[in-house]
Amino acid sequence: MKAIIAEKPSVAREIATLLGATEKRDGYLTGNGYEVTWALGHLIGLAMPEDYGVSGFQKEALPILPDPFLLTVRKIKKDKSYVPDNGALKQLNIIEQVIGRCDSIIVATDAGREGELIFRYIYEYLKCRKPFERLWISSLTEKAIKQGFDNLKVGSDFDGLFRAGQGRSKADWLVGINASQALSISAGRGVYSLGRVQTPTLALICKRYLENKDFAVKKYFQIQLEHRKEFTDFKSLSKTKWDDRKLVDDTLKSIRRNGTATVTAVETKTVSEQPPLLFDLTGLQKEANKRASYTAEETLNIAQSLYEKKFITYPRTGSKYIPEDIWSEIPALVRNLEARASCKEAVGKVKWGRFNKRIVNDVKVTDHHGLLITEKIPSELTAHENVIYDMIAHRLLEALSSACTKVITDIGLQAFHYDFTLKGCKILEAGWRGIKKKFTDEDSEPVQELPELKVGDELKIKEASVLEKKTKPPVLYTEAGLLSAMENAGKEIDNEDERKALKDIGIGTPATRASIIETLFKRDYIQREKKSLIPTHKGLQVYRAVKDKKIADIAMTAEWEMALQKIENNEADAGAFQREMETYATSITRELLDTGIAGEKQPELNCPKCKSRQLLIWNKVVKCPDEACGWLQFRTVCGVPLSVADIESLVTKGKTNLIKGMKSNSGNKFNAYIVMNDKAETSFEFENRKPKRK
């Protein structure tokens, strides 16, 4: 009898059906010599400080450096403490019984670093010694699963992957637990969270926000000329940028009087734009954020759903390439897409027999190949699934297409001794850009078709006008921009040697970047302003406290990611990495214990209910410290945060100023005062509106 352990019930059912293990039992399926069960994600994790006898935040207990680290069953918060998750306990007991009845194990958790860690932590916690093999697949189609079972891997081949996952897990614990507790203790009030990856990510957002906010916008002026030749209208722009409005107006008059511009330079070049590669997860998340405003987490969840429905390959991939042995399957995938209405026209533009093989590269395929559709073409999907599926399908068609060939023409003009420029573009062969009929990138200047021009040509000026422009601050991060910054963190490093060493190393992994961004939202460190990500007051407090420390340094975090990559490839020692993390956790703890957080000046307010205790003003709530009294006021009401001044007015005067822009449960906006009665109970008082005149 063989035990098979999947990561989720849905995957376990797919595998069990294929193997003939169709008899349902509580928490597993059995039949045909197999017992198939599942892990429900991270059932086992590293123990928390309380498990080592450290409860609460104790300065004298820091840094906490477990030796050895203990494993514990997943816990959930109940009241003010953490207790074992009953569902996790039950499933773990089922896994233990299944393993106990079987001779060997087949590991079928997700084929990646976290999937390996999920199984190994269970294996270690249960003190299991039975032999195991690895099912390593990139898709859940019947064909892929069968091939996977025909080519089961030796379990020990993935020891490096496990050590990297374990190293990441321990590093996050050492840095996150110690740094968070140290900063919370030094702040004196409130709970703050720091982390190995979340803090440099927060630093990216805060730094860009402050650069944008502090940017001194300057006005400048350029002159635009309009021309017409051979029935073609086109425009040119002055190279000169004027700061003085009077000077530019005087120049404009002279140019108008002159009435003509002379062609001084014509430079033509043929440009070949190679098609994009396949999506990896980060690339898909960036594209979905730009095109459909999906968050990174939403995109991952939609892609995971498509994967579990067998419509796409494994989504948590960091590669944009496929291995040589997959290439032969590509024509059938493309042919199948003809049956999908949203892809039929695009498939018709692909040149059969001339597929671009640029995506084939065995060396650049990591744990999984780039995102592909499978041979199973969907007929019914949700609206969001349709969007993501079509993105992946169209990207495949683009990647297989030829290069886009353009003729780019740069023209120089002179009018009244001032130089003007214009750029023209002519598509010779649409290639991959013809798939979606998108011939320029959104972030590039639109280019115009030009008539034939040669040096010495005189062009009449139909119209001349002044364009008033402003210097632009660094743009605030969208999720797409932040994902790019995380992915390319190595390129942002100032030191040239470090930059070369970390060229292709980002912070976080494609599988974890979405959860890191979501963590910043949960911690109340960042918020959305339309499509932009901006820090909250609390986020800026944390940034200012740590911005000059290594924990906020993307260079160091990128180095850690590189070390984990080497551990995964059996090129570095996991023990040495852990010792480095312990040394760092010790130093950052000392630094942070000496750091204060500058918060809002807090007024001393007596509890309006018991009248005897001073209120505690936290980031999310204001409360009486007396448990028997229990007075509490949330700092966010109907979506609007209350300032300390609002709280002070409510407690001392029984009424806030008018709070604008609150949202009701039905989504309607309203303005109201928050008022307090003699029993310290709060309610809304709506503003008096003047009756409309008839």
Side-chain angles (χ1 to χ4, degrees), residues 56-57 77 79-80 180 183-193 202 205-206 209-210 213 520-529 533-545 595-665 667-689:
F57 290 7
K77 196 166 187 179
D79 298 325
K80 291 187 177 181
S180 299
L183 187 61
S184 300
I185 290 166
S186 70
R189 60 173 64 224
V191 176
Y192 294 88
S193 165
L202 174 64
I205 296 167
C206 291
Y209 170 77
L210 292 171
K213 187 165 166 269
L520 294 176
F521 280 111
K522 287 172 189 166
R523 301 280 188 257
D524 191 32
Y525 285 170
I526 63 172
Q527 61 193 29
R528 285 190 181 88
E529 195 173 82
L533 302 178
I534 62 169
T536 61
H537 174 70
K538 185 179 181 184
L540 283 171
Q541 279 183 311
V542 172
Y543 171 67
R544 288 183 175 121
T595 301
I597 280 195
E600 293 173 279
K601 192 176 178 183
Q602 308 286 19
E604 294 183 1
L605 301 173
N606 284 332
C607 174
K609 185 177 178 184
C610 69
K611 317 283 188 193
S612 60
R613 301 293 295 273
Q614 187 177 314
L615 293 174
L616 300 173
I617 303 175
W618 307 115
N619 285 298
K620 293 189 176 180
V621 297
V622 180
K623 60 182 287 190
C624 179
D626 188 342
E627 297 275 337
C629 169
W631 187 85
L632 179 141
Q633 172 64 46
F634 287 102
R635 288 281 302 266
T636 299
V637 179
C638 295
V640 176
L642 302 184
S643 67
V644 170
D646 291 325
I647 297 296
E648 187 172 12
S649 181
L650 178 65
V651 172
T652 58
K653 299 175 185 175
K655 185 177 182 177
T656 65
N657 291 324
L658 185 67
I659 309 293
K660 294 183 177 181
M662 291 189 282
K663 269 190 181 178
S664 66
N665 288 336
N668 297 320
K669 286 193 173 183
F670 67 95
N671 304 332
Y673 303 91
I674 300 173
V675 295
M676 188 187 298
N677 63 20
D678 295 339
K679 296 179 181 176
E681 298 165 335
T682 57
S683 60
F684 292 124
E685 181 184 296
F686 295 93
E687 60 181 333
N688 290 324
R689 291 185 181 146

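Model, not experiment: these values are computed from the prediction. The first residue of the sequence shown is numbered 1, and numbering continues consecutively from there.
Going from atom CD1 of Ile526 over to atom SG of Cys206 covers 9.0 Å, rounded to the nearest 0.5 Å. How far CD of Gln614 is from CG of Asn606: 7.0 Å, rounded to the nearest 0.5 Å.
Residues Pro535 and Leu520 form no side-chain contact, since every pair of their non-hydrogen atoms from C-beta on lies 4.5 Å or further apart. A heavy-atom distance below 4.5 Å is not found between the side chains of Tyr543 and Ile205. At a threshold of 4.5 Å between non-hydrogen side-chain atoms, the residues Pro603 and Ile617 count as touching.
Put simply, the side chain of Trp631 never gets that close to the backbone of Cys607: no donor and acceptor are under 3.5 Å apart. In this structure, the side chain of Thr636 does not engage the main chain of Pro641 through any donor-acceptor pair within 3.5 Å. Looking at Lys609, its side chain never comes within 3.5 Å of a backbone N or O of Gly630 through a donor-acceptor pair. A donor-acceptor pair is defined here as one N or O able to donate and one able to accept, closer than 3.5 Å; such a pair exists between the side chain of Tyr525 and the backbone of Ser193.
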Verdict with supporting geometry, Ile534 and Gln527, side-chain contact (heavy atoms from CB on, under 4.5 Å): CA-CA 6 Å; Ile534 62 169; Gln527 61 193 29; 3.7 Å; yes
Candidate pair Ile647 and Arg635, rule side-chain contact (heavy atoms from CB on, under 4.5 Å), full reasoning: CA-CA 8 Å; Ile647 297 296; Arg635 288 281 302 266; 4.1 Å; yes
Chi angles and distances behind the side-chain contact (heavy atoms from CB on, under 4.5 Å) call for Val640, Lys660: CA-CA 8 Å; Val640 176; Lys660 294 183 177 181; over 6 Å; no
Steps toward side-chain contact (heavy atoms from CB on, under 4.5 Å) verdict (Val191, Arg523): CA-CA 10 Å; Val191 176; Arg523 301 280 188 257; over 6 Å; no
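Within 6.0 Å of the CZ atom in Phe634, the count of heavy atoms belonging to other residues, nucleotides or ligands does not exceed 12.
What you find for Lys663 and Phe670 is that their closest heavy atoms are C-CE2, 3.7 Å. The two residues Gly539 and Leu202 make their nearest non-hydrogen contact at O-CD2, 3.8 Å.
Listed by chain and number, the residues in a side-chain contact (heavy atoms from CB on, under 4.5 Å) with Asp678 amount to none (sequence neighbours excluded). Judged as a side-chain contact (heavy atoms from CB on, under 4.5 Å), and not counting sequence neighbours, the contacts of Arg528 are Thr295, Glu479, Glu518, Phe521, Leu533.
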Distance-only donor-acceptor hits, side chain of residues 648-659, under 3.5 Å, sequence neighbours excluded:
{"unit_1": "Ser649", "atom_1": "OG", "unit_2": "Lys655", "atom_2": "O", "d": "2.6"}
{"unit_1": "Thr652", "atom_1": "OG1", "unit_2": "Glu648", "atom_2": "O", "d": "2.6"}
{"unit_1": "Lys655", "atom_1": "NZ", "unit_2": "Glu685", "atom_2": "OE2", "d": "2.9"}
{"unit_1": "Thr656", "atom_1": "OG1", "unit_2": "Ile674", "atom_2": "N", "d": "3.1"}

